[in-house]
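Take a look at the structure below.
Numbers restart at 1 for each chain; the letters A, B, ... are given by sequence-line order, proteins then strands. Because only heavy atoms are used, hydrogens play no part in the values below, and waters and symmetry mates are left out as well, while side chains stay in.
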Amino acid sequence: MLFNSIQFAIFFVIVTFIYFTINHRYRWFLLLASSCYFYMVFVPVYILILGFTIIVDYFAGIYLEETEGKKRKVFLVASLIANIGVLAVFKYYNFLNGNLSVFLNDIGFQNPIPFLSIILPIGLSFHTFQAMAYTIEVYRGHQKAERHFGIYALYVMFYPQLVAGPIERPQNLIHQFYEKHIFEYSRIIEGLQLMLWGLFKKIVIADRLAIYVNAIYNNSEHHNGMTLLVATIFFAFQIYCDFSGYSDIAIGAAKVMGFKLMINFNRPYFSSSISEFWKRWHISLSSWFKDYFYISLGGNRVSVPRWYFNLFFVFLISGLWHGANWTFIIWGALNGFYLVFAIITQGLRDKFDVLTGLDRFPRINHTIQILTTFCLACFAWIFFRANNVTDAFNIIEKIFSFSGSIYWMDPYSIAYSFFGIVFLIIVDSKKEYYRGSFSFFNNKNWIVRNLSYAMLIILIVLVGVLDGGQFIYFQF
Amino acid sequence: MEKALINRINENGYKKLAMKVFVFVIIIASFDFTIGRVLNYFYFTQGSGTQYRTTYSLEKSTAEILVFGSSRANHHYVSEIFEKRSNLTCYNAGRDGNSIFYHYAILKGVLKRYSPKIVILDFSTHEFVKNQDSYDRISSLLPYYRKHPEIRSIVELRGPFEKFKMISNIYPFNSSILSIAIHNNAEYNNTQREDIKGYMPLTKIWNEPIKTDSNFVQYELDSVKVKAYDSFINGCINSRVKLYIVCSPSFIKYTYKEYSVTIGQEIAERNNIKFYDFSNDSNFINNSSLFQDVGHLNNEGATLFSNRLIDKISETEKNIELVH
C-alpha cells in the first residue's frame, strides 16, 4: 500500500479511529494486524519471510539474555547469519551469480548454478536492519529481550516505518508500544501537518521531476551533456523529496498515534561537507552503520590507514545495502572516497582559504562549501540513478563535454518542476536560516495557518502528479 | 453519564479537532469550488492546443470524415488532402499518447451529436498490450466527465475512486493550469497554432537505417481494451457510419504479423469492417526520408500516405467522388 494512495488514506483513518477508540491493552494487536495487512497488500506471501526473521530474532533475543559467556556470541552470530542470509538469498543471490557467470564465461566455463526467479520483498533491507539492531542491542546489554512476541513482531512490522524506515532502534521504539497514548489535539495536528508536507514533496516535486529524469536517464545515449546535467540536478531533488517525503509521512502517521520516530532527514543539501551531508541524509541508516558496523571495525580508534579503510569500507557496504548492482557499489565507494579525501586534504584546504582570503568571508566560504558538497553529491547520484555502469560513465563523459542545449520535452512539466524546486528551497532555507521569522505554516494566527495548509492541499491537486509511482526506496 | 462522556470528549480534544477539521474542510471546499470554476471556464475558452482539439472533437466538430487515433493518427492523416480528394469535410481527432479508451470516448460524444459519413481509426501495433499508462492517460477526458455522462464509464476505468475524486472541482484540471493560461492568449493562438484541422505536420527527417523486428511475442491481451475496440466498431455500425481501420506505416520491418494487429484485423473482418495494414508497405519502409522517427511519418510521408489511403478507400466507397 503506497502512502500516496487513496487506499492508504482510508486505511490510516480507519486504523487511527479504532486505535483511539479501543482499550490501550488491545492496541498492540490492532497495530500488528493492520501492519500485516499493510504489508500483505504488496505481495502477501512475503509476510512469511518477515515471520521467519521475527521468530528467529525473538528467540535469539531471549537466549542472548538468558545465557552467558561464549554461547551468547553463538546466538548473536546465528541470528545475524539468519538475517543476512535472507538478504543474501532474496537480494544478492542473482547479482553474485550473474557476476560469477561473467567471470566463468571469461575463462571459458559455463556457470552451472541456476538463477532464482524471485521478486525482492519490499523494504527487506529496512526491516532486516531493524531486526539486527534489536539482537545487537540485546547482546550489548542496552536493551532487555522482549518477552511479548506480539510487541516484538510489532517492533519489526510497525506499518508507518515498515517498508522504508526510519530504521528504528529498540530502545526508542519498543517501550512506546507499552505506553498509553492519549488523544492529544496539538500532537495530532503536528502529525497531520508533517504527513501533508511529505505528500507535497512526493506528489508535487518528486513525481514531477521523475517524469523528466526517467525520460532522460532511460535514454541517456540520445541526450546531450546539458540535458543530462539538468536531469542529474533534478534527480538530486527528486530522490530527496521522494525519500524525505516518505519519512515525513511515516513520522507524521506515527506521531498522530502518539509514537515518536527518529528524524531521518535534516535538510541535507545545506551541508557544507560530505561528512555533514551524511549526518543529515538518511540519518537512521548512517547512524546504524556507525553504531553497529563502523565502531565494530574499530572506528577512528585505530591506525590512520585503518581508519581510512574503515570509513571507505563502511560506505562501500552502505552502497551494497542500497542495491545489488555495481552502480550502487560505486556510489557507496565514491562517498567513502569523498570522506577520506576530505580528511586527508583538510589542512591543505584550510591553507587555501587563508591564501585566497576566503577565511575572512565566512558566509561566502560557507556558500561555496555548500555548492561544492551539492555538486559532489550530484556527481555520485549519477551512479545511483544510471541503469548500469556503462551508462553512468557515458553520462559523465557527456556532462563534462558541456555540449548542446537543454531538451525541453514537455515545457509545462519542466515549469512545474522548477516551481517545485524553488518552493522547496524557499521552505527549507526558511527552516535552516530563518527559523524564528514569519511563518505561514507555523503562524500563530490560525486563519493564516489554515489557509497555508489549505493552499498546500490545493497545490497538490492542482499541479501534483496524481498518477505517480511508488517510492524509490521501496526497492531497497 | 452522557454529560460525563461529553466532558471526556471535550477534555481529550476530540471536539476541538472535529471543529477544526470542519472549518478546514470548509476552507478547502471554498478554494476548490472557486479555483475549479475559474479553471473550468478558461479550459473551455482555449483557442488552440491539445485540450482545445479534444473539446472541438467532442463538442463542436461537424466534419464528414473523422480520424481517430494516437499521435500516429495526429501526424499521419492530412485533413486537407482528404477534403480535397473526397469533397467531404475532414477533421483529425487524434491525440498524442492516447489509446482506444480515448478514441472510443470521443466517438461516443460525437455520435451523440451527429453521425459522420466516414470514420478512420488508426490502429497501433501493440494496441492491446496491458499498460497502466493507457489508463493514466484517460485523465485527458476528466474535464468532460460532468458534461458528458456518455463517457463516464470510460473515465471510471482509471480506478475505483475516480467517481469520488471527481467531487473536487480542481481535480479534472490537474496539471493543466499553464496550458490553460497560454492557450487563452489570443495572440499565441493566432501565431503559434500547431494544427491544420487537427492534423499536426512533422518536419524532421529520419536518417537511421531501418530496424527489423523478428521477435514475435504472444503477450497477454488487455481484455478491456479489446472490448473498447469492439464497442468502437459496434458504435459505428449501429450509427451507420462507414468505418475504416488502418495500421499506418512505421519505420520498423516486421518479419511477422504483430499480435495486436492480428487480433484487431480478425475482429474487424468478423464485423465486415475494412482493415488496411500499411505497417510493412514497401513504399514507406524503404524510404527513411518519409519519417521523422521510427513511429511517425513526416509531412512528406503523411501526404503520400493520405493520398494512398484515400485511393484505397475509394475502391470500396462508391459515394466518394475522387478528385485527382
Which atoms of B:Val23 approach chain A - backbone, side chain, both or neither, heavy atom under 4.5 Å: side chain
Among A:Tyr412, A:Phe423, A:Phe234, A:Phe237, whose ring-ring contact (aromatic ring centres under 6.0 Å, His included) with A:Phe418 holds? A:Phe234
If you count every heavy atom of other residues, nucleotides or ligands that lies below 6.0 Å from A:Lys260 atom NZ, does the total exceed 12? no
Contact origin within B:Ser176 toward chain A - heavy atom pairs under 4.5 Å: backbone
Taking the six-membered ring of A:Tyr240 as reference, does the cationic atom of A:Lys201 (NZ for Lys, CZ for Arg) lie under 6.0 Å from its centre and within 45° of its axis? yes
Bottom line for A:Ile460: the part with an atom under 4.5 Å from chain B's heavy atoms is backbone
Do we get A:Arg27 above A:Tyr19's six-membered ring, with its NZ or CZ under 6.0 Å from the centre and within 45° of the axis? yes
Looking only at the side chains, is there a donor atom on one of B:Ser179 and B:Tyr43 sitting less than 3.5 Å from an acceptor on the other? no
Sort A:Ile10 into side chain, backbone, both or neither according to what part of it lies under 4.5 angstrom from a heavy atom of chain B. side chain
Proximal component of B:Ser175, with respect to chain A [non-hydrogen, under 4.5 Å]: both
Under 4.5 Å to a heavy atom of chain A? For B:Phe161 that would be side chain
